[in-house]
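Just below is one structure, and these are the notes that go with it.
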Amino acid sequence: MGGLFFSTLLVLLFILFVYLGEQRMQDSLRSQAAVLTHSLESTLVRSVQDVHGRMRIQARRLAERESLASNPAEMSDQLINLVQAVPQLREMAVLNAQGQVLATSGSAPLMQDQSEEMNTCLEWFQAGQVIAVGRPLPGRSMSQPQSPGGLYHIPLCVPVTPGNLDTTLWVVAVLNPDALREQFYPVVHNLKAEAALYRYDGLPLVRLPESTRVESEDEASGYTALLEQRDWGVIEERRDGITWVTGYRSTSMYPLLLTVSIDQAAALSRWHETIRGISWAVALALLIIVVAVVIMSWLKVRQGKLLAELKLLSAAISTTANAVLITDTQGRIQWVNHAFTKMMDYKPDEVVGFTPALLNSGEHSKLFFQHLWRTILEGQVWRGEVVNLNRARQRLVVEQTITPILGDKGEVTHFVAVQEDITARKQAEEQSKFLSTHDPLTGLANRRALAHKLQQVLQELHSIEVALLYIDLDNFKAVNDTLGHGKGDQLLQIAVQRLKHSLPEAVFISRLGGDEFALVLGEKGAREQALVLAQRTCELLSESFELQGARFQLTASIGISMADSGTDPQTLLRQADLAMYRAKNAGRGTFRVFSSDMDIQAQHRVSLEQGLRKEVESGFASLEMRYQPIYDARTLRPVGAEVLMRWCGADGEWVSPAEFIPVAEDSGLIVDIGAWQLKQVMKQLADWSAVADDGFYLSLNISAVQLARDNVANRLLEMLEAYGLGRDRVVVEITETTLMGVTPRVEENLAVLEASGVRLSIDDFGTGYSSLGYLRELDASYLKIDRSFIIGIGNRDSDEEIVLAMLALAKSLGMKVVAEGVDSDEQLQFLRQNGCDLIQGFLLAKPMTVTEINQLILTK
Ligand code: C2E
Ligand code: CA
Ligand code: CA
């Protein structure tokens, strides 16, 4: 806008300047013309006056002495003298009234005829005039009338009347136009002007430069017309396509008119050149202004756009969710956005001017920051996690990206740091990382971490020994079931604390889940130490626990495996597991070291399971029932029989139920087998009831697995109903250990049986740790003393006492006692004497086939 105004002003000023300048130049040109005319006039007048003066001298001579007129020689001398040293005068002559030459300064012979000069003088001469100016005549002078190259002369005439003569004589002077020109020349030449001399009537006399124009008399008449108003002036005229500034002036004494014409264009050419120059300059200035204005407005538009972009950008940055801070190259904070102040709890003016060291948590090494600075000073982006402290000195983990901002020359001018608060994510990550490798309850390493640890130590097997201890708490399930899971968890935590405090630091402790733990020992001599460690662990865990005022005793079974070259973690674990089972089988609370035969047994178990599975699929073709009679201790008459399963394996060998029943339980096949068995038993009982109905019963072993997974109780009742059998025809044997891990399902089954009137028998009594309270509550009818106690009768006093205590206990609970595995008279006598109710054992009868037991029943 300013540019446009300025350029318009410039143009106007320039026009004004040109206009005024032109006016001034024109004025000065006019006055110049006037001055020139004036000065030329005075030169001319002086010249003519000089000539006129000489003519008057001659005229006076003629007037004073009449005789002179008749003395041409004297007159000629006088005239020659007068002509000398006057360049504007070529010749002087005296003529008579007839125009005949009486004397001349020239060399030409006197002519008798009237001279042409005379004619022209007379033509113009008027009375009262001091001088007459004749028409220009060809030739150098009167006496030299030849005119080479247009040579001419101008005659001037003055009349003389000598006193006593009544005739008129004429003194004639021949003016040299070239001399006049020479006088004009210096004035005219410099200005490239033209000058002209006219007779008063407009007759051209002298012209400078010569032959500049073909003269017409009308031209001059213009000036003579002007002279009527004023005898000098300046006019502007156009001639030959040129504008002339012409000054004109008449001489007051002589009938002469002088003009000086200045070529206006030529005279003003310098001025016009200057104007042109200035015009160019102005045009250039205008162009520059216009270009500048265009550039400026373009820049302005661009700047506007940039500003708008910048505004948008800064608005976006200030409202972005990520914290943004901008520092200078020294790291001093220049600007922070809203998210930063919110995240760090600092106001902008509390951090601006400070370095981010204000936020330093001290958790990073010097090297860390050195690397960071090196990266960004090299103009590269740095990305990483930084731990900062906010105003309240709270720890914040941020993911930070620092981008160097480069200047025009590629130099770093600022740094922009964008920070994202990942504290929560980090914590969650750490938590999940911890959880992925740790057990949440005890904080111990978990199964995965164990695998990792094993992997790691097994790689160093060339320099160390590796031992793995697999720990399983005995009967922990019972603890859980009786005390509740909360207590069970507490007990586990206490147990873990014990291990952590008492075991050497080098021992890696992990929890595999439930009540299973693993210890890893990876160092020189680990094989030997493993046994010590196992012993120590057994001791530690068997020490009593105190939980809410009550005391508990736990034991652990431990399997130990030692790594050989090429052992992988899975194998090591499996081997330790097998060894642990061995320890459990060996009576719990002890440890076993894995040996290769355990592996063979394990494989055997696997093939057994496959065989049993086939058995189930093929309709139990190779399973048979045996019946071992149970005798009344007093009468020694059979009152019932225990149903014992027999399996003829794939190779035709009889497989012991002690061997295959645990496999059937572990694989869950026992449920199908049990259901099948139940049917067989019902059929058998139905057969017998046709023969004799005197309360002969069958005692059925029902596994804990069946009680836990199957609604075996209802199934049994339904079948008794279906076969029309009384509920007193079956006794259900459940092991004491079953009672140690009672689940709701087991409880439900037992409750159904109890309520139905089907008798319960506690099998293998003395091998578990069943609570007496539960036993009383259960209302079982029989208690079967385990064979291991019966064997001791007659051999070990302690066992006899235990048997007596059991008999007393059973009595006090209102239960009958069955002694199983009685195979000597001594045992039989002892039991009979001490009030044992029922006897089962090889001494009286081995398990029998159906045919055999039929025989027995019929003959009893
Ligand atoms: P159990 O319930 O304790 O059965 C008694 C075991 O003692 C039987 O072994 C029986 O043959 C054996 N026995 C009885 N009297 C004597 C004796 O005087 N001397 C010796 N040395 N042994 C005697 P069996 O038949 O080998 O059964 C072993 C175990 O397998 C049983 O122990 C029982 O727990 C389980 N079992 C057998 N059949 C079944 C079944 O049909 N169902 C379930 N769930 N378990 C069964
Ligand atoms: Ca039994
Ligand atoms: Ca038993």
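Order of listing sets the numbers, starting from 1, for every ligand and every atom in it.
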**Report entry** Part of Lys846 within contact of ligand 1 (heavy atoms, under 4.0 Å)
**Finding:** neither
Query raised in the report: Phe517 versus Leu492: any side-chain heavy-atom pair under 4.5 Å?
Result: yes
Query raised in the report: If you measure every N/O of Phe842 against every N/O of ligand 1, is any gap under 3.5 Å?
Result: yes
Query raised in the report: Among the N, O or S atoms that Glu642 has, which is closest to the Ca ion (ligand 2)?
Result: OE2
Requested in this report: Please state which part of Glu642 comes within less than 4.0 Å of ligand 1, counting heavy atoms only: side chain, backbone, both or neither.
Outcome: side chain
Report summary line: Restricting Asp763 to its N/O/S atoms, the closest one to the Ca ion (ligand 2) is OD2
Query raised in the report: Looking at the Ca ion (ligand 2), which N/O/S atom of Glu733 is the nearest one?
Result: OE1
Requested in this report: Examine the proximity of ligand 1 to Asp764 and report which part, side chain or backbone, both or neither, has a heavy atom under 4.0 Å away.
Outcome: side chain
Query - Main-chain N/O of Asp710 paired to Asn749 side chain as donor or acceptor, under 3.5 Å - result: yes
Query - Contact check, side chains of Val818 and Glu642, non-hydrogen atoms, under 4.5 Å - result: no
Query raised in the report: If you count the atoms of ligand 1 from 1 in the order shown, which ones are under 4.0 Å from a heavy atom of Pro847?
Result: 11 (O)
Report task. Evaluate the ring planes of Trp676 and Phe620, with Trp represented by its six-membered ring, and classify them as parallel (under 30°), tilted (30 to 60°) or perpendicular (over 60°). Result -> parallel
Query raised in the report: Taking side chain as C-beta onward, heavy atoms only, is Met806 less than 4.5 Å from Val817?
Result: no
Requested in this report: Quick one: closest heavy-atom pair of Glu665 and Arg709, and the distance?
Outcome: O-NH2, 4.5 Å
**Report entry** Region of Gln677 engaging ligand 1 - heavy atom pairs below 4.0 Å
**Finding:** side chain
**Report entry** Polar side chain donor-acceptor pair, Arg551 to Ser544, under 3.5 angstrom
**Finding:** yes
**Report entry** Close side-chain approach of Lys784 and Gln840, heavy atoms under 4.5 Å
**Finding:** yes
Report summary line: One finds that the ligand 1 atoms under 4.0 Å from a non-hydrogen atom of Val822 are 18 (O)
Query raised in the report: Which of the atoms in ligand 1, numbered in the order shown and given with their element, are less than 4.0 Å from a heavy-atom of Gly821?
Result: 15 (N), 16 (C), 17 (C), 18 (O)
Requested in this report: Run down the list Arg626, Gln628, Arg646, Glu820 and name the one with the heavy atom closest to atom 25 (O) of ligand 1.
Outcome: Arg646
Report summary line: Residue pairs passing the ring pair (Phe, Tyr, Trp, His ring centres under 6.0 Å) test with at least one member in residues 654-675, sequence neighbours excluded, are Trp647-Phe660
Query raised in the report: How would you list all residue pairs meeting side-chain hydrogen bond (donor to acceptor under 3.5 Å, both in side chains) that involve residues 788-803, not counting sequence neighbours?
Result: Asp786-Ser788, Arg796-Asp799
**Report entry** Test of proximity, Met645 against ligand 1: N or O pairs below 3.5 Å
**Finding:** yes
Report task. With heavy atoms under 4.0 Å as the rule, classify the contact between Arg787 and ligand 1 as side chain, backbone, both or neither. Result -> side chain
Query raised in the report: Checking only N/O/S atoms, does Asn701 have one that is under 3.0 Å from the Ca ion (ligand 2)?
Result: yes
